[in-house]
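Chain identifiers are assigned alphabetically (A, B, ...) following the order of the sequence lines, protein sequences preceding nucleic acid strands; residue numbering begins at 1 within each chain.
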Number of protein chains: 2
Amino acid sequence: MRDAKEPHGGRSPGSEATDDYLKAIFEIGGREERMVGSKEIASHLEITAASVTNMLQKLAAAQPPLVVYQKHHGVNLSRAGKKRALEIVRHHRLIETFLAQVLGYPWDEVHQEAERLEHFISERFEERIAAKLGHPEFDPHGHAIPALDGSLPGGAPGRAPQALSQLKPGQTARVASVSDKDPDMLRHLAAEGIRPGIRLTLSERLPFSGSFQVRVGKSEKLCSLSEPLASAILVATK
Amino acid sequence: MRDAKEPHGGRSPGSEATDDYLKAIFEIGGREERMVGSKEIASHLEITAASVTNMLQKLAAAQPPLVVYQKHHGVNLSRAGKKRALEIVRHHRLIETFLAQVLGYPWDEVHQEAERLEHFISERFEERIAAKLGHPEFDPHGHAIPALDGSLPGGAPGRAPQALSQLKPGQTARVASVSDKDPDMLRHLAAEGIRPGIRLTLSERLPFSGSFQVRVGKSEKLCSLSEPLASAILVATK
DNA sequence: TGAAATATTTAGGTATGCCTAAGTTCTGGC
DNA sequence: GCCAGAACTTAGGCATACCTAAATATTTCA
Ligand SMILES: [Mn+2]
Ligand SMILES: [Mn+2]
Ligand SMILES: [Mn+2]
Ligand SMILES: [Mn+2]
């Protein structure tokens, strides 16, 4: 049976819910680690803002505190909170990579499974799959996998990837990553041959529809991407 | 994030706790599926009998009912309960086999990890690891893995394996399975060369100590097994 | 610079699944 | 058949993590 129990004295809160909050704060806050509001966390986790406030107070009161909470102004991850968030992100991305490479999952199904399992694997499991995969640096969607010490590959060099939707017509760039949240979108992108590492050239932006015409690799024909699609693709301009 | 939620109308109870109860009832009840009392479940799950009574009432009230509950006389699994129990046992044993064969876990560590993960893998995950392993029939400890339809290999033929402690001196038998609950014990058995499939010959039972002298395979030297150890080894007399 | 709009918090409540303490029912030995 | 002790259930609570509705703080902008 699962660990559970231990309703004892001053411990950190639960764990699955806690993990999800820390990961949400980490993802919403971005590189600059800006303060994150209750509303943002609420919509990210699809729960109410009142529930979030309640939980943030617990996370701030935990020993050690997992967030720094300023009433009415939002939260930041504490050192301990950030460490745990990075650990969960590492779990998530290692699991995704493992499911795709070892178990042959299609890339649109790995996210959902990883979202659950990330909370329940042991350090041993993490270590074994990392070793089996040769300590990969990126997951199937092109997202960087934090190392054991919390460092991120590509954390230092170059400027951060930008959304494809921000390229100017004529510009060419390499796909850095694609959002892993929407299976339909991922299947569509795979069918168009768009995946991390592929070169894209922005041909033009259509008026009214707001959609983008891009050339995939060196192919002749153009591919049309709707606005949300183009925002879900991050590219690195070499 | 995990599925969770749905505090809606008449549904089956939670899931992790429910799974553990159903599996406990399944394991305690044995082949003959005899009625199982609250006390037995309580000590198996290391919780109080009061908690068990409470949960059994919920399981019996579930739609469909997961157990048949007779106040003061114990429970049996319903058809739906047995189906779920077998599914969890299948998960557990497939995961153990997977951890040992694909991830190189030592056989004394697989049980603890499987005990947690069995509740959280998807049908897809189950299907993928079963395929990767070539649809194995037994786990690393020699326990039969239920098939998708709930049938157990070796369910029909021959008599059920008996404890090594019940052999008569001079008898030879093949190890069918060993208990997976105690890592120390498993490490000890591995060191002695005792694992499923190995032939054991009972040499004699020592007076007072109650321990058993057995010959492992065709080796010369004898191995001494304490009573609890000899009860944890099930053998098939050909 | 004040509302009005928006964001956030507080208050009160629910479901799950566990606990202890205090009954109640059952059972085996006499 | 009776009755003590074991087994079981009931009653009352607690922690986690959600929710809705109502109050309050902050921000926006006319
Ligand atoms: Mn880890
Ligand atoms: Mn990903
Ligand atoms: Mn299954
Ligand atoms: Mn086993």
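- Taking atom CG on B/D19 and atom P on C/dG17, their separation rounds to 10 Å, with Å as the unit.
- Rounded to 10°, the angle separating the first-five-pair axis and the last-five-pair axis of the helix from C/dT1-D/dA30 to C/dC30-D/dG1 equals 10°.
- With sequence neighbours left out, B/E227 forms a side chain to side chain contact (heavy atoms under 4.5 Å, CB included) with B/S165, B/R205, B/F212, B/S231.
- Distances shorter than 4.0 Å separate some side-chain N or O of B/Q57 from OP1 or OP2 on D/dT10.
- In this structure, B/S51 reaches the C/dC19 phosphate: one of its side-chain N or O atoms is under 4.0 Å from OP1 or OP2.
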Please list each protein N or O that sits under 3.5 Å from an N or O in nucleotides 4-7 of chain D, with the distance.
from  : atom 1 : to    : atom 2 : distance (Å)
D/dA7 : OP2    : B/K39 : NZ     : 2.9

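- The interatomic distance linking A/L66 (CG) with D/dA17 (P) rounds to 12 Å, in whole Å.
- Qualifying side chain to side chain contact (heavy atoms under 4.5 Å, CB included) partners for A/Q101, counting only residues two or more places apart in sequence or in other chains: A/T97, A/L133.
- Considering only side-chain atoms of A/H73, the nucleotide from D/dT26, D/dA17, D/dC19 that sits closest is D/dT26.
- Residue A/T53 has its side chain nearest to C/dT8 when only D/dT10, D/dC18, C/dT8 are considered.
- Between C/dT16 and B/Y21, no contact under 4.0 Å exists linking OP1 or OP2 to a side-chain N or O.
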Protein and nucleotides 11-13 of chain D: nitrogen or oxygen contacts under 3.5 angstrom:
none

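- If you take CD of A/Q70 and C1' of C/dT9, they are 15 Å apart, rounded to a whole angstrom.
- Here the C1' atom of nucleotide C/dC18 and the NZ atom of B/K58 are 9 Å apart, to the nearest Å.
- Distances from the side chain of A/T48 to the nucleotides D/dC19, D/dT9, D/dT10 place D/dC19 closest.
- Going from atom NZ of B/K71 over to atom P of C/dG23 covers 17 Å, rounded to whole Å.
- Remark: A/L103 pairs with A/F98, A/L99, A/Y105, B/F98, B/F125, B/R128, B/I129, B/K132 by the side chain to side chain contact (heavy atoms under 4.5 Å, CB included) rule, at least two apart or across chains.
- Taking atom CD1 of residue A/I41 and atom P of nucleotide D/dA17, one finds them 15 Å apart after rounding to whole Å.
- In summary, A/R124 and B/E113 do not engage in a salt bridge, as defined by a charged side-chain N under 4.0 Å from a carboxylate O.
- Listed by chain and number, the residues in a side chain to side chain donor-acceptor pair (under 3.5 Å) with B/S179 amount to none (sequence neighbours excluded).
- Candidate nucleotides D/dT9, C/dC19, D/dA17 were compared by shortest atom distance to the side chain of A/A17, and D/dA17 ranks first.
- In this structure, A/I47 places its CD1 atom 6 Å from P of D/dC19, rounding to the nearest Å.
- Remark: of the listed residues B/H143, B/H111, B/H119, B/H111 is the sole one forming a side chain to side chain donor-acceptor pair (under 3.5 Å) with B/H92.
- For B/R187, the salt bridge (charged side-chain N to carboxylate O under 4.0 Å, His left out) partners are B/D108, B/D184, not counting sequence neighbours.
- Take B/R34 and apply the side chain to side chain contact (heavy atoms under 4.5 Å, CB included) test, not counting sequence neighbours, and it matches B/I28, B/E32, B/E40.
- With sequence neighbours excluded, no residue forms a salt bridge (charged side-chain N to carboxylate O under 4.0 Å, His left out) with A/E137.
- Taking the side chain of B/A49 as heavy atoms from C-beta on, and the options D/dT9, C/dT9, C/dC18, the nearest nucleotide is D/dT9.
- Partners of A/E33 by salt bridge (charged side-chain N to carboxylate O under 4.0 Å, His left out), not counting sequence neighbours, listed by chain and number: A/K82.
- Look at CD on B/E16: it is 15 Å from C1' on D/dA17, rounded to the nearest Å.
- Evaluation of the side chain to side chain donor-acceptor pair (under 3.5 Å) rule for B/T48 yields B/S51 as partners, not counting sequence neighbours.
- Side-chain contact between A/M35 and A/V75 is absent, with no heavy atoms from C-beta onward closer than 4.5 Å.
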